[in-house]
Amino acid sequence: MKLADYFDSIQRTAKTTLEGMAVTFSHLFREPITVQYPDRLDRPVSEMLPERYRGLLEVQMDICTGCKRCERACPIECIAIDLVKDPGGSKKQMMARFDIDMGKCMFCGLCVEACIAESTGAIRHTREFEGASTTLDGLVFRFIQTGDLVPLYKAPKDKSQIPVGDYGPHAREARERAMRDNPAVLEELRKAWAVTAGKAKKKKGGKKGPGGLAVPALTDQGKITRIAGAMTKVDKANVGALAKALEQLTAQTDCGACGYPTCIEYTTAMASGSDKDPSKCEPGGAEATADLGFALKVVGGTPLEDAAKGSPPVTT
Ligand code: SF4
Ligand code: SF4
Ligand code: SF4
């Protein structure tokens with residue numbers, strides 16, 4: 001290499017480096033625009049987002065007709081709506097469940113479109129987005145609490161008369177409830193099942209202590225009984241509803257490791273009785289096995305305390 005080429009090469013290297021760093025250096029002399037989230041803001045970030053932002057879903061239950069159009073429109077079965085006969089004796093139907101699994105939702109908006117086009121606009125995206133949770137259970141938004149019944153809204157012909165409320169409060173409320181109640185509920189079920197892990201055997205015939213059946217029974221008997229009650233109320237003839245309930249106890253990744261293409265196909269097989277093995281969900285691991293085994297026993301009519309005894313029912 002000639003000496004002139006050598007210095008030319010050094011010059012070009014220095015020039016391109018300085019050009020590349022020019023943008024970086026320019027920031028040394030600009031006003032900082034860092035937003036210190038989530039505190040030190042004069043208003044919540046959700047209020048700064050565009051109106052049509054597709055954030056967490058919510059349902060305004062007092063204008064929901066229970067038509068299930070949103071449930072049918074969802075391509076990945078995030079929405080579960082259960083209708084029951086009015087126990088008061090009228091021939092009307094009522095809603096017993098309206099769950100949205102925000103952990104699965106891909107925010108496509110198809111459910112919202114279906115509701116706006118053909119019903120009342122009760123389901124909608126909000127500008128709420130903070131849904132961080134340590135478990136997937138904390139992202140299942142329940143717009144009807146277990147045991148409650150909600151009457152169906154009769155929509156007026158003139159859609160402008162539908163009393164559409166503020167966007168956001170229903171999602172915030174559902175998120176708070178989900179974070180507070182759902183993981184704890186499954187934790188209680190796991191504790192009940194954990195009695196099979198050997199501690200009960202060690203204490204057989206002796207006084208029950210921490211880790212034994214006495215733990216869930218004494219700490220939150222009301223909650224665990226409510227959940228077990230909800231499981232047993234699932235119409236066993238309605239395989240689809242039971243399959244959806246069981247699906248919530250799998251890892252819900254549709255990975256196929258259980259031998260079925262999707263989670264719902266695995267739980268449908270369990271719900272219909274053609275597969276009795278609750279241990280096939282690989283990503284769900286021991287927790288999914290324990291939860292599914294426990295749920296299958298409870299749904300099968302085993303009393304709660306008895307369901308928590310014995311070995312996990314791994315049969316094929
Ligand atoms: S009214 Fe809307 S939110 Fe309610 S069930 Fe029908 S489509 Fe779903
Ligand atoms: S936004 Fe899409 S994925 Fe989410 S619940 Fe609605 S239809 Fe299902
Ligand atoms: S292994 Fe678990 S997560 Fe994967 S498809 Fe089967 S049930 Fe779903």
Side-chain angles (χ1 to χ4, degrees), residues 52-83 93-126 128-129 131 136 139-141 143-144 150-156 159 162-165 167 170-171 174 243-271 275 277-293 295-296:
R52 299 183 65 184
Y53 178 79
R54 284 190 197 164
L56 299 173
L57 286 164
E58 72 172 7
V59 186
Q60 186 184 332
M61 290 309 303
D62 61 347
I63 58 165
C64 174
T65 63
C67 64
K68 294 195 177 193
R69 286 191 171 97
C70 52
E71 188 188 48
R72 286 194 293 273
C74 180
I76 51 173
E77 297 174 330
C78 296
I79 301 175
I81 302 171
D82 288 347
L83 298 178
Q93 285 195 310
M94 302 187 88
M95 274 180 284
R97 175 159 85 127
F98 199 132
D99 295 350
I100 304 180
D101 188 344
M102 291 309 309
K104 261 173 100 180
C105 176
M106 56 185 176
F107 298 84
C108 65
L110 291 174
C111 53
V112 176
E113 295 291 328
C115 188
I116 289 174
E118 299 178 68
S119 195
T120 59
I123 189 168
R124 60 246 182 157
H125 284 289
T126 65
E128 296 298 319
F129 63 93
L136 285 173
L139 291 170
V140 179
F141 289 9
F143 293 91
I144 302 175
V150 173
L152 309 187
Y153 176 66
K154 193 162 180 340
K159 282 196 176 184
I162 298 170
V164 178
Y167 282 30
H170 310 285
K244 274 191 182 177
L246 294 176
E247 189 195 14
Q248 292 180 36
L249 304 176
T250 68
Q252 297 185 65
T253 61
D254 286 343
C255 67
C258 55
Y260 296 84
T262 59
C263 309
I264 193 71
E265 284 170 76
Y266 174 37
T267 55
T268 301
M270 277 194 280
D275 193 330
D277 184 353
S279 70
K280 291 183 177 174
C281 180
E282 278 186 22
E287 284 189 358
T289 302
D291 293 342
L292 286 167
L296 283 180

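Just follow the structure's listing: the first ligand is 1, and inside any ligand the first atom is 1.
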Worksheet item: Say you draw a straight line from OG1 of Thr268 to CG of Asp275; how long is it, rounded to the nearest 0.5 Å?
Response: 11.0 Å
Discussion item. Listing request: all salt bridge (Lys or Arg N to Asp or Glu O under 4.0 Å) pairs with a residue in residues 100-115, at least two apart in sequence or in separate chains.
Written reply: Lys104-Glu247
Worksheet item: Between Lys159 and Ser119, is there a donor-acceptor pair closer than 3.5 Å when you use the side chain of the first and the backbone of the second?
Response: yes
Worksheet item: Thr126 side chain to Ala171 main-chain N or O, any donor-acceptor pair under 3.5 Å?
Response: no
Worksheet item: Is the backbone N or O of Ile81 less than 3.5 Å from a side-chain atom of Lys68, with the two atoms forming a donor-acceptor pair by type?
Response: yes
Fill in: Residues in side chain to side chain donor-acceptor pair (under 3.5 Å) contact with Glu118, at least two apart in sequence or another chain
Arg69
Worksheet item: So which heavy atom in the protein is nearest atom 4 (Fe) of ligand 1, and how far is it from that ligand atom?
Response: Cys64 SG, 2.4 Å
Worksheet entry | Glu77 CD to Ile264 CD1 distance, which is reported to the nearest 0.5 Å | 5.0 Å
Worksheet item: Is it the side chain (CB and beyond), the backbone, both or neither of Lys68 that lies under 4.0 Å from ligand 1, heavy atoms counted?
Response: backbone
Worksheet item: What heavy-atom pair brings Tyr153 and Pro163 nearest, and what distance separates the two atoms?
Response: OH-CD, 3.3 Å
Worksheet item: Which of the atoms of ligand 1 are close to Cys115, meaning less than 4.0 Å from one of its heavy atoms?
Response: 1 (S), 2 (Fe), 3 (S), 7 (S)
Discussion item. Would the distance check show the side chain of Gln60 and the main-chain N or O of Gly165 forming a donor-acceptor pair, the cut-off being under 3.5 Å?
Written reply: yes
Fill in: Nearest-neighbour protein heavy atom for atom 6 (Fe) of ligand 1, which is reported as residue plus atom name and distance
Cys67 SG, 2.2 Å
Worksheet item: For atom 4 (Fe) of ligand 3, how many protein N, O or S atoms lie at less than 2.8 Å?
Response: 1
Discussion item. Looking at Glu128 and Leu56, would you say the former's side chain and the latter's main chain have a donor-acceptor pair under 3.5 Å?
Written reply: no
Worksheet entry | Those atoms of ligand 1 less than 4.0 Å from some heavy atom in Arg69 | 7 (S)
Practice prompt. Could you list the atoms of ligand 1 found under 4.0 angstrom from a heavy atom of Thr120?
Written response: 1 (S)
Worksheet item: Going by the order shown, which atoms of ligand 1 are within less than 4.0 Å of some heavy atom of Thr65?
Response: 1 (S), 4 (Fe), 6 (Fe)
Worksheet item: Which residue and non-hydrogen atom of the protein lie closest to atom 1 (S) of ligand 1, and at what distance in Å?
Response: Ser119 OG, 3.1 Å
Worksheet item: Would you say the side-chain atoms of Arg124 pair up with the backbone N or O of Val59, donor to acceptor, closer than 3.5 Å?
Response: no
Worksheet item: To the nearest 0.5 Å, how far apart are CD1 in Ile79 and SG in Cys111?
Response: 4.0 Å
Worksheet, complete the sentence: Within less than 2.8 Å of atom 6 (Fe) of ligand 2, the count of protein N, O or S atoms comes to 1
